[in-house]
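Here's the structure, in structure tokens; my notes come after.
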There are 2 protein chains.
Amino acid sequence: MKTSTSTSKPSAKYHHGNLRQTLLAAAKQMIAADGIESLSLRKLADKVSVSRTAAYHYFDDKNDLLCAIASDGFRQWQQLLKQSEQQNQTERQKFEQYLINYMVFATHHPEEYELMFGRCIWKQAQCTEELQTIAHGTFQHQVEMMAYWQSIGLVAGDNPLRTAQIIWGTLHGIAKLFIDGVYVDDTRAEEIVKSALPMFLVPKD
Amino acid sequence: MKTSTSTSKPSAKYHHGNLRQTLLAAAKQMIAADGIESLSLRKLADKVSVSRTAAYHYFDDKNDLLCAIASDGFRQWQQLLKQSEQQNQTERQKFEQYLINYMVFATHHPEEYELMFGRCIWKQAQCTEELQTIAHGTFQHQVEMMAYWQSIGLVAGDNPLRTAQIIWGTLHGIAKLFIDGVYVDDTRAEEIVKSALPMFLVPKD
DNA sequence: CCAGCATTTTGACAGTGTCAAGATTGATTG
DNA sequence: CAATCAATCTTGACACTGTCAAAATGCTGG
């Protein structure tokens, strides 16, 4: 799961080999441990036993590095989605599974999730071309799924884009309130999502 | 609306008079203009024509100052709520107005909103006692309103807390996706909320 | 073996939050 | 009224940050 040269061996080689991957892996590990805010390029360089500015050969910016992590996050999410779609269940089950997957992914990778959908990258700091395209693809896919679920009479509404925005908004909001620590009671995010599920469905008879 | 000594006159007095208020006002103005990220205590001090560390007499921390701004935001939100509740309309209209108010407040004061519900304060950096209590009061009020709307058969569901969490989550999610610039199409947040509204209501006959 | 290139480092700079110690002032006593 | 005091503000300093320019290092093909 982890490149052998990342944390264990400094390896003392001038040419590191695959520094880019090592940096990304170490950075993910660090933000998972201490949060995005407390990630500095210098501490990252220290951890990888490399100079302060070595990362600048692979990333334009700190922002560029964070964008790369976010892109990886989207790839991971897409893979999880594809994997889940292949299981043969009823469409209703697939829909429910989609909602739960979203929640599990968000709450299990809170920092990556923040990078993927948070303000840091999308707002002021412009996001990478790569990130923009992969993110847009994910949204597109989501809208298409919604259109299909509406066409077979599972999900309510007749405007897939609008419905996707609402459902995504709901998931995103619940996820963020959890991640950011606003919901302090012991309620589980998945339970809330399961409660919200019937809202989205076409009423059964 | 603005204290006269804040930006116009440096006033050159050693004892500023009401530095705390001036700092808060200037800080709000700055984050409204350039975002939270680019607010520094030094630039703030410069703007108010005061020394770098003058703010430390009124705020423990940078975090403490941000908490104070967030608290003001909650007061503002509560006032808007109270004001809106006094207009005599049908309960259905009041509920719709509540949703729209939330959206308008969030999108018109994005930076304050971020401070109120964002990770900066609630997650790692511990939030002030004051902020915690005023925020908790707001949540409580929301749950009570939800309980009432459920009791008169307007809003679906029989678990006020759960329903409040879901509706709040939806509002929060849509608001944040807008604020953070993820929704790039020209759709207006209010329209989305109006589309989502029927989801929450008890079906008419 | 050496020239050229990719890769990494060193030095430097401006900016940040924050602490300790000193300077200034308005208010409160004797 | 004058001296003291506490509140208020400033100066100096430190560690830390991102980032640029220039130098150093090591690999690779001729």
Side-chain angles (χ1 to χ4, degrees), chain A residues 3 5-6 9-27 30-31 33-69 115 120-121 123-128, chain B residues 3 5-6 9-27 30-31 33-69 115 120-121 123-128:
Chain A
T3 56
T5 55
S6 66
K9 303 176 189 173
S11 85
K13 289 172 58 180
Y14 194 97
H15 281 46
H16 189 285
N18 52 354
L19 183 54
R20 196 192 139 97
Q21 289 305 317
T22 307
L23 283 170
L24 281 177
M30 289 176 75
I31 67 175
D34 300 326
I36 302 171
E37 326 281 84
S38 66
L39 169 70
S40 84
L41 291 186
R42 298 168 106 106
K43 278 187 285 187
L44 172 60
D46 260 20
K47 176 166 178 141
V48 183
S49 298
V50 90
S51 171
R52 288 145 253 150
T53 62
Y56 281 85
H57 214 263
Y58 300 97
F59 306 97
D60 293 347
D61 238 30
K62 183 179 185 180
N63 183 66
D64 193 36
L65 190 153
L66 295 179
C67 282
I69 296 179
L115 284 179
C120 305
I121 287 177
K123 188 70 173 299
Q124 64 228 43
Q126 70 275 18
C127 71
T128 312
Chain B
T3 56
T5 56
S6 66
K9 305 177 190 173
S11 85
K13 289 173 60 181
Y14 195 97
H15 280 48
H16 189 285
N18 52 352
L19 184 54
R20 197 192 138 98
Q21 290 304 318
T22 306
L23 283 170
L24 281 177
M30 290 177 74
I31 66 175
D34 300 325
I36 302 170
E37 326 281 82
S38 66
L39 170 70
S40 84
L41 290 186
R42 297 169 107 106
K43 280 188 284 188
L44 173 60
D46 260 20
K47 175 166 179 142
V48 183
S49 298
V50 91
S51 171
R52 288 143 253 153
T53 61
Y56 281 85
H57 216 264
Y58 300 96
F59 305 98
D60 294 347
D61 237 29
K62 182 180 186 179
N63 182 67
D64 193 36
L65 190 153
L66 295 179
C67 282
I69 296 179
L115 284 180
C120 303
I121 289 178
K123 189 69 173 299
Q124 65 227 43
Q126 71 273 20
C127 72
T128 312

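This structure is a prediction, so every number in the text was calculated from the model and none was measured. Every chain is numbered from 1 and lettered A, B, ... according to where its sequence line falls, protein lines coming before strand lines.
The nearest whole Å value for the distance from the CG atom in A/L44 to the P atom in D/dT17 is 11 Å. Rounded to whole Å, atom P of D/dT8 lies 12 Å from atom CG of B/N18. One atom, NE2 of B/H57, and another, C1' of C/dT24, lie 13 Å apart when rounded to the nearest Å. D/dT25 atom P lies 19 Å from atom CG of A/L19, rounded to whole Å. At whole-Å resolution of the value, CD in B/E37 and P in D/dG18 are 14 Å apart.
Closest non-hydrogen pair, A/L65 versus A/F59, comes out as CA-CD2, 3.7 Å.
Residues satisfying the side-chain contact (heavy atoms from CB on, under 4.5 Å) test with A/A45, not counting sequence neighbours, are A/V50. By the side-chain contact (heavy atoms from CB on, under 4.5 Å) test, B/S51 pairs with B/T53, sequence neighbours left out. Looking at residues two or more places apart in sequence or on another chain, you find no side-chain contact (heavy atoms from CB on, under 4.5 Å) involving A/D46. In terms of the side-chain contact (heavy atoms from CB on, under 4.5 Å) criterion, residue partners of A/R42 (sequence neighbours excluded) are, by chain and number, A/S40, A/R52.
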Is there any protein nitrogen or oxygen under 3.5 Å from a nitrogen or oxygen in nucleotides 14-18 of chain C, and what are the pairs?
residue, atom, partner, partner atom, Å
C/dT16, OP1, B/S40, OG, 3.0
C/dG17, OP1, B/L41, N, 3.1
C/dG17, OP1, B/K62, NZ, 3.1
C/dG17, OP2, B/L41, N, 3.0
C/dG17, N7, B/R42, NH1, 2.4
C/dG17, O6, B/R42, NH1, 3.0
C/dT18, OP1, B/D61, OD1, 3.2
C/dT18, OP2, B/Y56, OH, 2.8
C/dT18, OP2, B/K62, N, 3.0
C/dT18, O5', B/Y56, OH, 3.1
C/dT18, O4, B/R42, NH1, 3.4

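Within the 4.0 angstrom heavy-atom criterion, no nucleotide atom of any strand lies near B/F59.
Residue A/L24 holds its CG atom at 11.5 Å from OH of A/Y58, rounded to the nearest 0.5 Å.
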